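Heavy-atom basis, side chains included; hydrogens, waters and symmetry copies ignored. Throughout, protein chains are lettered first and strands after them, A, B, ... in sequence-line order, and every chain is numbered starting at 1. Predicted model only: the values in this text are computed from it and were never measured.
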Amino acid sequence: MACRKESMETPDYDHNAIENKWVERWEAEGAFRAAADPEKPKRYVLVMFPYPSGPAHMGHVANYSLGDVVARYYTRIGYSVLHPMGYDAFGLPAENAAISGGIHPARWTRDNIELIRNDLKRLGYSYDWSRELSTCEPEYYRWTQWFFLKMFERGLAYKADATANWCPACGTVLANEQVLGDGTCERCSTFVEERWLNQWFFRIKEYAERLLVDMDLLEEWPERVLTMQRNWIGKSHGADVEFTLEATGEKITIYTTRPDTLFGVTFFLLAPEHPLVDWMVQGTEREAEVAAFRERLSGRTEFERTALDAVKDGVFLGHYVTNPVNGERVPVYTANFVLFEYGTGAVMAVPAHDQRDFEFARKYDLPVRVVIQPPDGELVADEMTEAYEDPGTMVASPGFDGTPNEEGKAAVCDMLEGNGWGRRAVNYRLRDWLISRQRYWGVPIPIVYCEKCGTVPVPEEDLPVILPEDLDLAEGGRSPLPLAESFWSTTCPECGGPAKRETDTMDTFVDSSWYYFRYVSPRDDSHPFDPEETLYWMPVDQYIGGIEHAIMHLLYSRFFTKVIHDLGLIDFKEPFSNLLCQGMITKDGAKMSKSKGNVVTPGDYIDRLGADTLRLYILFMGPPEVQKDWSDAGVEGAHRFLGRVWRMVHERCLQAGSAGEPDPVRDRALLSATHRTIMNVTRDLGEFAFNTAVSFIMELVNAVYQYTTEGPVNREVLVEAVRSAISLLAPFTPFITEELWRAMGEEGSVHQAPWPTFDEVLARPEEVTLVVQVNGKVRDKITVPADISEDEMRQRALASENTTRFIGDKAIRKVVVVPGKLVNIVI
RNA sequence: GCCGAAGUGGCGGAAUGGUAGACGCGCUGGUCUCAAAAACCAGUGGGGGAAACCCCGUGCCGGUUCAACUCCGGCCUUCGGCACCA
């Protein structure tokens, strides 16, 4: 058996020596290689890979420590575990660093990968390092380009004109998050403009319905993430209605969710970008007015233009359309608040029942007609101060008067369909995914433009289109690709004539939308992912990452998986079966970011207190899903606990001999505590309740101290308790537990040892505290045998002195008995 | 404005409708020491009391229940997401 009496000398807990030793040993052994083993159940545990912007920060430590506990736990309970790591290595910060520090993005990125890899290794995460990947390497992005080609083949990648945030100083498109609240560029403070550009899109909108419906498959996803995605997709039901342009008889279709208000239309609106706007005013005296209106809009982002408090602005276009339902002629305006990208870019205006239309009507003195009356009271158009958008009864709507408006929606739709004026329609808020970036540090889009053949995809066998790394950023941080003839000058794959390459690169969200597939066969150079390995490992069983990726990354990944499914490469529809979203780790309540200079990194803590301490502390801080503010108050406590564990083994266990009179009551209590701890920790790990799992282990350690301090020691019972504590703690603090496990004379690694099992009977304490309440207030606590009968409980409770004092001579109306726990006497 | 999450000691946080504050930090006291640190042991929500005990207490106001941090209704605050989506 393990505990031998050895030298009385207690070795120091030298965390640095221990951790360095095991890092090296695990590395040399390839300790966490994943292998598909058909005999075993599998578990693919995935943590969101980092953007390598420097060394690891505490958010990474929190995220990856969670994943590591899960991966190690599943290994211990007999699963084949895949737990990989890689780098989301393309992106804007690398270019910013190049601009400010003069370092090439490639160099900066690879240096940072080095830094973060080093941190991750020191932290002892059980990654299969042989599968490490980086999205900026040609072996990886070759397949990102391959997916682009597949999208292109299926018509899911297309090029179109669209507006984008354009920084005139930087000469490039900015993502929304790169535009500050005041509409300026985050990098150069120049006012960002809206600019029309011809850009590449993925048709994610085509998948909107499936992305929505398949959420039913995501039973183990947090409800809040599903809600966010649902809102983002923004499905609505309504009707398309055709209005007739008076001048030409042309039909203009609008989308509305309120067909019940169709009789209240008093004007008609077009988005400023709508092509009809120009047509309507061309060569008229209103042309200048429209130009002035456009001038007011330009120099602003859609962001600003569509801000809720923005003042309604518009211009009459001198034309009229006819409302099909009543033949009324209403004027056409263009207005700042109408979105070109949503619906058809044209809307009917019902000022009485839409707040935006109401404000516009009041400003331009347009009529307001009430067609829905509220259940209480009666609206008078002239007296209204805001639109009435709630349910009510239809009025002034010939054929529908008196109909409750919710019913009216269906009735009006029937009427529209019957007359061929319109039809029921569904719309989504989700827009197609703009993937073009006028950037250097990203995946080149594998497209060639030929004067003769037009837009031609690069043939699969010519992939990858290599991003040249010998270029420096152009003036103002612009992409050098359009200037590098060596890059863009090529021949047409179809006709062999001279051609130009696309010089835009892809949004980095494309890179991260499929990386989890690549981990199953990262070195495969004939497929993006090996079919056999995929069959075994995919889908991801447990995905863990920050809540900040709730929408974009997770939605794009779901989209990619569906496309891959449609390509016939996989038979599942969703990539991530279970999702755990950890809350952000903030510093002083704010998101950690380099620009704020509030990034806390693990390095110093590892040096001073050890990786085990840091891991333990961050998991102990609280439940994974809540936002946590970093404070190191208490990190010493975690270290102190590990010291206590260290001494528990060396001083209390290895040096202890059985001594004194045996005390079966105390022995049984420790044994019971051991089994109870195994039970509780096992349960908590299954629920990601890592903070309470750690608490239970701490309690067991405290119990061992108490046991060895107070009286005679039964070696066998003591060893079982100590061994169990080390074994349970191993997924949290892999280094110290491995060291102590060996010190206790165990052969092999604690990380390969079977997870401890418990006996439910032993886990039950022999005695419990019986709470006695009078009218719901605690009046006494009595220690009783755990198997006490309800009758006995009642008797003991009624006999309690403090209780009888409270009952006095009052009559007992009722006695509630909760078996094994509580008696409430109601008087 | 809409959607979502959360409000519990000095702090991080525990509590299948059944002992509110587990575990840890911090603090206080003790043991050890010439002393200190470390370690070990004990105490620690607020108020009252010598003590036994008693009263109050989970953002606020109501309700359901023998019993509410937990369930229901209404507010307040903080954080996150979306932001004129017709």
Side-chain angles (χ1 to χ4, degrees), chain A residues 222-232 234-236 238 254-258 261 269 271 302-303 305-310 312 335-339 341-350 353-357 359-360 427-431 547-548 550-551 583-584 586 589 591 616-617 620-623 625-629 631-638 640-641 643-644 647 651 689 691-699 701-702 705-706 709-710 769-781 801-802 805 813-827:
Chain A
E223 198 49 49
R224 58 176 170 160
V225 173
L226 295 177
T227 305
M228 279 193 248
Q229 292 213 352
R230 212 170 274 127
N231 293 343
W232 186 263
K235 183 179 184 177
S236 71
I254 58 101
Y255 172 74
T256 178
T257 55
R258 295 294 304 272
T261 63
L269 299 168
E302 183 193 36
F303 239 45
R305 201 183 103 200
T306 59
L308 239 172
D309 50 1
K312 300 291 173 280
N336 61 342
F337 62 92
V338 181
L339 304 173
E341 293 84 358
Y342 184 79
T344 61
V347 295
M348 67 183 205
V350 185
H353 305 293
D354 182 289
Q355 185 59 27
R356 299 157 297 180
D357 299 345
E359 288 168 27
F360 194 83
N427 236 310
Y428 300 90
R429 202 193 78 108
L430 183 70
R431 295 179 193 176
I547 185 71
E548 64 273 21
I551 297 174
M584 267 194 297
T586 55
K591 204 168 167 174
L616 184 71
Y617 175 64
F620 185 62
M621 270 173 75
E625 62 278 4
V626 303
Q627 183 190 310
K628 288 182 275 285
D629 199 60
S631 141
D632 50 18
V635 66
E636 309 273 351
R640 196 177 310 156
F641 169 71
R644 210 164 140 81
R647 288 185 300 277
E651 290 172 7
N691 55 332
T692 50
V694 172
S695 296
F696 285 120
I697 300 170
M698 287 173 167
E699 282 180 282
V701 172
N702 290 345
Y705 270 77
Q706 196 180 28
T709 303
E710 276 178 356
T769 304
L770 173 62
V771 172
V772 184
Q773 297 182 330
V774 177
N775 284 350
K777 290 199 173 203
V778 180
R779 294 304 178 190
D780 206 356
K781 296 174 186 182
E801 200 189 318
N802 207 38
R805 201 157 62 75
R813 294 205 318 212
K814 191 175 176 184
V815 179
V816 181
V817 180
V818 181
K821 273 195 175 156
L822 170 145
V823 175
N824 186 12
I825 300 160
V826 187
I827 55 172

Hey, does the side chain of A:Ser695 come within less than 4.0 Å of B:G13's phosphate (OP1/OP2), counting only N and O? no
Distance-only check: which donor-acceptor pairs under 3.5 Å involve side-chain atoms of residues 813-820 of chain A, not counting sequence neighbours?
none

With a 4.0 Å limit, can you tell me whether A:Asn691 has a side-chain N or O closer than that to the phosphate oxygens OP1/OP2 of B:A14?
yes
Nearest-angstrom distance, P atom, B:C53 to B:U44 | 14 Å
By the Watson-Crick or G-U definition, both distances under 3.5 Å, B:U16 is matched with none
If pairing means Watson-Crick or G-U wobble with both distances under 3.5 Å, then the partner of B:C84 is none
Paired to B:A50 by Watson-Crick or G-U wobble criteria (both distances under 3.5 Å) is none
dist A:Asp629:CG -> A:Thr586:OG1 (nearest 0.5 Å) comes out at 3.5 Å
May I have the step-by-step check of side-chain contact (heavy atoms from CB on, under 4.5 Å) for A:Arg431 and A:Leu339, ending in yes or no?
CA-CA 12 Å; A:Arg431 295 179 193 176; A:Leu339 304 173; 3.9 Å; yes
For A:Arg429 and A:Asn231 the tightest heavy-atom approach is NE-O, 3.6 Å
Here the gap from A:Asn336 atom CG to A:Lys312 atom NZ, rounded to the nearest 0.5 Å, amounts to 7.0 Å
When both distances are under 3.5 Å in a Watson-Crick or G-U wobble arrangement, the nucleotide paired with B:C71 is B:G63
Side-chain donor-acceptor pair present, A:Asn702, A:Arg644, cut-off under 3.5 Å: yes
Given protein heavy atoms under 4.0 Å, the one-letter contact record of nucleotides 62-70 of chain B, with B base, S sugar-phosphate only and - none, is simply ----BS---
Could you measure between the two C1' atoms, the one in B:A22 and the one in B:U58, and give it in whole Å? 15 Å
Atom CG of A:Asp632 and atom P of B:G26 are separated, to the nearest Å, by 11 Å
Partner of A:Leu226 under side-chain contact (heavy atoms from CB on, under 4.5 Å), picked from A:Arg230, A:Met228, A:Gln229, A:Arg224, is A:Arg230
Rounded to whole Å, the CG-C1' distance (A:Leu616 to B:G12) equals 13 Å
Next on the checklist: Side-chain N or O of A:Asn702 versus OP1/OP2 of B:A22: is the shortest distance under 4.0 Å?
Outcome noted: no
Separation of B:C41 atom C1' from A:Gln706 atom CD, nearest Å, is 11 Å
Phosphate oxygens OP1/OP2 of B:C2: is one of them under 4.0 Å from a side-chain N or O of A:Arg429?
no
Taking the side chain as every heavy atom from C-beta outward, state whether A:Ile547 and A:Gln627 have any pair of such atoms under 4.5 Å apart.
no
Pairwise N/O distances under 3.5 Å, protein to nucleotides 54-57 of chain B:
{"unit_1": "B:C54", "atom_1": "OP1", "unit_2": "A:Asn802", "atom_2": "ND2", "d": "3.3"}
{"unit_1": "B:C55", "atom_1": "OP1", "unit_2": "A:Arg779", "atom_2": "NH2", "d": "3.3"}
{"unit_1": "B:C55", "atom_1": "OP2", "unit_2": "A:Arg779", "atom_2": "NH1", "d": "3.0"}
{"unit_1": "B:C56", "atom_1": "OP2", "unit_2": "A:Lys777", "atom_2": "NZ", "d": "2.9"}

Applying the 3.5 Å cut-off to both distances, the Watson-Crick or G-U partner of B:C79 turns out to be B:G4
Ranking A:Asp354 and A:Glu699 by the position along RNA chain B of their nearest nucleotide, the one closer to 5' is A:Glu699
Considering just the side-chain nitrogens and oxygens of A:Tyr255, establish if one lies under 4.0 Å of OP1 or OP2 belonging to B:C85. no
Taking C-beta and beyond as the side chain, do A:Val823 and A:Val771 meet within less than 4.5 Å on heavy atoms? no
Q. Expressed as a whole number of Å, how far does the P atom of B:G9 sit from that of B:U70?
A. 15 Å
Checking B:C84, B:C79, B:C85 against the side chain of A:Tyr342 (C-beta onward), the nearest is B:C85
In whole angstroms, the gap separating C1' of B:A86 from CZ of A:Phe360 amounts to 14 Å
Base orientation of B:G62, chi within 90° of 0 counted as syn, else anti, reads anti
Q. Where do A:Ile825 and A:Arg779 land on the side-chain contact (heavy atoms from CB on, under 4.5 Å) test, with the steps shown first?
A. CA-CA 10 Å; A:Ile825 300 160; A:Arg779 294 304 178 190; over 6 Å; no
Determine the Euclidean distance between corresponding P atoms of B:C71 and B:G4; express it in Å to zero decimal places.
16 Å
Hits for ring-ring contact (aromatic ring centres under 6.0 Å, His included) against A:Phe360, two or more places apart or cross-chain, chain-then-number order -> A:Phe267, A:Tyr333, A:Phe337, A:Tyr364
- request: Would you tell me if any nitrogen or oxygen in the side chain of A:Arg230 comes within less than 4.0 Å of OP1 or OP2 on B:G81?
  value: no
task: Taking the side chain as every heavy atom from C-beta outward, state whether A:Asn802 and A:Arg805 have any atom pair closer than 4.5 Å.
output: yes
When rounded to whole Å, the CZ to P distance for the pair A:Arg644 and B:C40 reads 5 Å
Here the distance between atom C1' of B:A83 and atom CD1 of A:Ile551, to the nearest Å, is 12 Å
Value for CE (A:Met698) from OG1 (A:Thr692), rounded to nearest 0.5 Å, stands at 11.5 Å
Smallest heavy-atom separation, A:Ser236 atom then A:Tyr342 atom, equals OG-OH, 3.4 Å
Checklist entry - Roughly how far apart, to the nearest Å, are B:A15 and B:G59 at atom P? => result 16 Å
Pairing partner of B:U28, by Watson-Crick or G-U wobble and under 3.5 Å for both distances, is B:A42
Rounded to whole Å, CZ of A:Arg647 lies from C1' of B:A38 at a distance of 8 Å
A:Asp357 meets the side chain to side chain donor-acceptor pair (under 3.5 Å) criterion, sequence neighbours left out, with none
Using the C1' atom on both, measure B:C61 against B:G13 and round to a whole Å. 28 Å
pair_partner(B:U33), Watson-Crick or wobble, both distances < 3.5 Å, evaluates to none
Rounded to whole Å, CZ of A:Phe337 lies from P of B:A83 at a distance of 18 Å
Exercise. Hey, does A:Ser631 reach any base, or is it just sugar-phosphate, or nothing, if we go heavy atoms under 4.0 Å?
Worked result: nothing
Taking for A:Tyr617 and for A:Glu636 the nucleotide of RNA chain B with the nearest heavy atom, the one nearer the 5' end belongs to A:Tyr617
Nucleotide N/O to protein N/O under 3.5 Å, stretch nucleotides 3-6 of chain B:
{"unit_1": "B:C3", "atom_1": "O2'", "unit_2": "A:Asn231", "atom_2": "ND2", "d": "3.1"}

_What's the gap between B:G47 and B:G1 when it is taken at their C1' atoms, as a whole Å value?_
45 Å
P atoms of B:C40 and B:G45, separation to the nearest Å = 22 Å
